[in-house]
Amino acid sequence: MSVLDVLQERGYIQQMTHEEEIRELLEKEKITFYIGFDPTADSLHVGHFLQIMVMSHMQKAGHRPIVLIGGGTAMVGDPSGRTDMRKMLTKEEIDRNAEAFKKQMQRLIDFSNGKAIMANNADWLLNLNYIEFLRDIGVHFSVNRMLTAECFKSRLERGLSFLEFNYMLMQAYDFLELNRRYNCVMQMGGDDQWSNIIAGIELIRKKEGKQAYGMTFTLLTTSEGKKMGKTQKGAVWLDPNKTSPYEFYQYWRNIADADVEKALALLTFLPMDEVRRLGALKDKEINEAKKILAYEVTKLIHGEEEAIKAQKAAEALFESGGDLDNVPSVTVSSDVLGKKILDVLFEAKIIPSKSEGRRLVQQGGLYINNEKVESIDEYIKDDMIKDNSILIRKGKKEYHRLVIKE
RNA sequence: GGAGGGAUACCCAAGUGGCCAAAGGGGGCAGACUGUAAAUCUGUUGGCUAUCGCCUUCGAUGGUUCGAAUCCAUCUCCCUCCA
């Protein structure tokens, strides 16, 4: 079974430029391909995870991934946001973010001995000469054609700055540059990148007279059409300091029934037979599939040890077995005894304000050691402390363990 | 450069001198139901105190007024049309 079959079967692929040629190419040769990443945050999130999985599948089949960091493009900034202009990043920030990306990717991508390459388009974009660029690259682009591209159509109604319009040229140029430097012949990306990918392929054909290929992935969306990996609190991050392994595990544990199979196929390496079996489980049974999903995905991102911890914590809290040691905890000072519960929770940042805490209690949503807190005036009492800690439950499934400092 | 329109809470959006901490919807949170799911229903949704109440918030600054999201002036940003 070729990589392409694997990618297709698991549902990664949205569209390809030349299906038959790509199939042949991937089977006969070891190619170099690239995926671009914007270094605008200091961590990757679940949306990127899908792309990393694809790179991993490809690398396992012997192909060479290039992770292209958009350091040059990020330095231009992107004013497309309505209110807040995306802030322009300094070189130091970009480098730091790129380094963080690499660290997170290393669990799934092997960068040793040139098996994968990390490149930064700042290396060639920043020193471009405007006139030369217009003459060398600009001539090959027809504005008429660009305007018919799907990605610009909607923007024509909402407004499109010249700067944004140029992203297509820059991205096409990236592909050309990577083709020249590393013989990179394929670009992959989210489906929103389709037009830009095509532009790069055309540019390579015109400049180098060579054929290049493109492939886009399905957007990682839920059955409700929302982006998977987005919560009300923001993105689900791969960085354990931004989204703890426990929270990460819980995100997948709580996924909608309809999304289980898709997530298993795209975000784990479980064999497809197993994926289909798990996805077909009904009613309560599907919880088993969710546990496996949560465990597997957490393992891929945070390692086996963290995945086991997260799972144990979940069991302790929701299935009343095992110990509570692995439940995420907050350390509080030893003088909490006799203080108002709400004050303590506020200081521990478990509730954002005391008004919200009062509301929570009044609505019957706050529990200490699984006993409902009845009054907003309750104090921390001796018998609430067990094993030097207090178990707080906020709502149905948000748990915190207050560990008292010795 | 000229003409016009706009900026309201997490988002959309009403409000055009006191009854406005600000309608409605979405989202969020909590409760019921459940399977740590979905759907549904109910409550809630600036902060501080919880008892009356107090404080901060309607792009920014200043002004008019007993009283301003609402009126006036200046400024900033966004959009549309014309050049």
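Sequence lines set the chain letters: A, B, ... in the order given, protein chains first and strands last, and positions in each chain run from 1.
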Applying the 3.5 Å cut-off to both distances, the Watson-Crick or G-U partner of B:A21 turns out to be none
Sole residue of A:K354, A:K340, A:K339 in salt bridge (charged side-chain N to carboxylate O under 4.0 Å, His left out) with A:E347
A:K339
A:K312 has an atom NZ; how far is it from atom C1' of B:U36, in whole Å?
20 Å
Starting from P on B:G35, measure out to CG on A:L278 and report it in whole angstrom.
20 Å
Which of parallel (below 30°), tilted (30 to 60°) and perpendicular (above 60°) describes A:F101 and A:H48?
tilted
If we call it a pair only when both distances are under 3.5 Å in a Watson-Crick or G-U wobble match, what pairs with B:G4?
B:C79
Please tell me which of A:K290 and A:G364 maps to the more 5' nucleotide of RNA chain B, matching each residue to the nucleotide holding its nearest heavy atom.
A:G364
Base paired to B:G67 (Watson-Crick or G-U; both N/O distances under 3.5 angstrom):
none
Please give, in whole Å, the distance from B:A37 C1' to A:D257 CG?
4 Å
Can you tell me the pairing partner of B:A13 across any strand shown, Watson-Crick or G-U wobble, with both distances under 3.5 angstrom?
none
Tabulate atom names and distances for all N/O pairs under 3.5 angstrom spanning the protein and nucleotides 44-47 of chain B.
residue, atom, partner, partner atom, Å
B:U44, O4', A:Q363, OE1, 3.4
B:G47, OP1, A:S353, OG, 3.0
B:G47, OP2, A:R359, NH2, 3.0

Is it possible for you to check whether A:K309 lies under 6.0 Å from the centre of the six-membered ring of A:Y246, through NZ or CZ, and within 45° of that ring's axis?
no
Name all residues meeting the salt bridge (charged side-chain N to carboxylate O under 4.0 Å, His left out) criterion together with A:D110; count only those two or more places apart in sequence or in a different chain, and write none if there are none.
A:K115
Of A:I376 and A:F318, the one whose closest RNA chain B nucleotide lies more 5'
A:F318
The salt bridge (charged side-chain N to carboxylate O under 4.0 Å, His left out) partners of A:E27 (sequence neighbours excluded) come to none
Within the structure, does a side-chain N or O atom of A:K397 lie under 4.0 Å from either OP1 or OP2 of B:U34?
no
Nucleotide opposite B:C58 in a Watson-Crick or G-U pair, distances under 3.5 Å
none
Taking the six-membered ring for Trp, are A:W252 and A:F248 parallel (under 30°), tilted (30 to 60°) or perpendicular (over 60°)?
perpendicular
